[in-house]
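Everything below concerns the one structure shown next.
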Amino acid sequence: MPHTERGMAIGLFGGSFNPPHQGHVLVAEIALRRLGLDQLWWMVTPGNPLKNHNGLAPLSQRLALCEQIAEDPRIKITAFERELGSSYTANTLAHVKRLNPHVHFVWVMGADNLKSFHHWQNWEKIATTFPIAVIDRPGATLSYLSSKMAHSFGYARVDESDAGVLWKKKAPAWTFIHGPRSTLSSTALREKPVLKD
């Protein structure tokens with residue numbers, strides 16, 4: 001786990017990063033700027049429990065690619081879920097909170113994940129562990145209107161104009177951040193045919 005200092009505001013951005021791409025970098029830039037974060041941890045998962053692991057590149061390869069693409073020194077590439085022996089976000093966040101009681105964390109997720117968020121194990125526990133920042137993604141701008149999470153925690157929504165102080169709020173608290181969107185996706189990049197000479 002990266003080094004932290006008391007009072008820091010840190011974003012947690014989990015995913016397979018299979019492969020990482022400029023869309024991930026864009027989400028990171030938006031999160032760092034709009035949320036006023038000191039750091040953003042890319043938590044590269046050994047494997048998403050909700051996804052098929054066929055075609056999942058080795059963790060070491062995905063970590064190396066993340067290191068190459070994430071140029072901002074505030075972005076920290078991590079894979080501590082491997083040591084936890086669990087890929088469930090609720091367990092990971094509870095572990096992070098236990099080890100860093102002096103830090104303010106925000107869970108950062110793409111809006112494309114909001115629609116299926118209620119299928120995640122203990123999703124309500126996730127929503128009550130740390131504030132959540134949902135970053136706009138192509139085709140998912142209106143997902144917050146229909147998602148179960150948005151309906152269940154509608155009372156805890158923070159206006160986007162207050163995103164910079166989201167990390168100060170006690171969970172549950174969440175906001176939807178609009179901004180530039182990248183059409184890149186890891187799935188599309190994996191399915192792209194390789195051109196040969």
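Just so you know, residue 1 is the first one in the sequence shown, and it goes up from there.
Residues satisfying the ring pair (Phe, Tyr, Trp, His ring centres under 6.0 Å) criterion with Phe105, sequence neighbours excluded, are Trp41, Phe130. For the salt bridge (Lys or Arg N to Asp or Glu O under 4.0 Å) test, residues two or more places apart in sequence or in another chain that qualify with Glu160 are Arg34. Checked against side-chain hydrogen bond (donor to acceptor under 3.5 Å, both in side chains), Ser161 has the following partners two or more places apart in sequence or in another chain: Asp159. A search for side-chain contact (heavy atoms from CB on, under 4.5 Å) contacts involving Trp167 returns Ala9, His104, Val106, not counting sequence neighbours.
Residue pairs meeting the salt bridge (Lys or Arg N to Asp or Glu O under 4.0 Å) criterion with at least one member in residues 80-98, sequence neighbours excluded, do not occur. For the side chain to side chain donor-acceptor pair (under 3.5 Å) condition, the pairs that include at least one residue of residues 59-72, sequence neighbours left out, are Asp72-Arg74.
Atoms CZ and NE2, from Phe80 and His95 in turn, are 7.0 Å apart once rounded to the nearest 0.5 Å.
With hydrogens and angles left out, the side-chain atoms of His102 and Thr4 include a donor and acceptor closer than 3.5 Å. Looking only at atom types and distance, the side chain of Glu5 has a donor-acceptor partner in the side chain of His3 under 3.5 Å away.
Annotation for Val44 and Leu59: closest pair CG1-CD1, 3.7 Å, computed over non-hydrogen atoms. When all heavy atoms are compared, the tightest approach of Ala173 to Lys170 is CB-O, 3.8 Å. In plain terms, the two heavy atoms of Thr78 and Met43 that are nearest each other are OG1-CA, 3.5 Å.
When ring centroids are compared, Phe17 and Trp42 come within the 6.0 Å threshold. Ring centroids of His119 and Phe117 are separated by 6.0 Å or more, keeping the two rings apart.
A 4.5 Å side-chain heavy-atom check between Lys76 and Gln39 finds at least one atom pair inside the cut-off.
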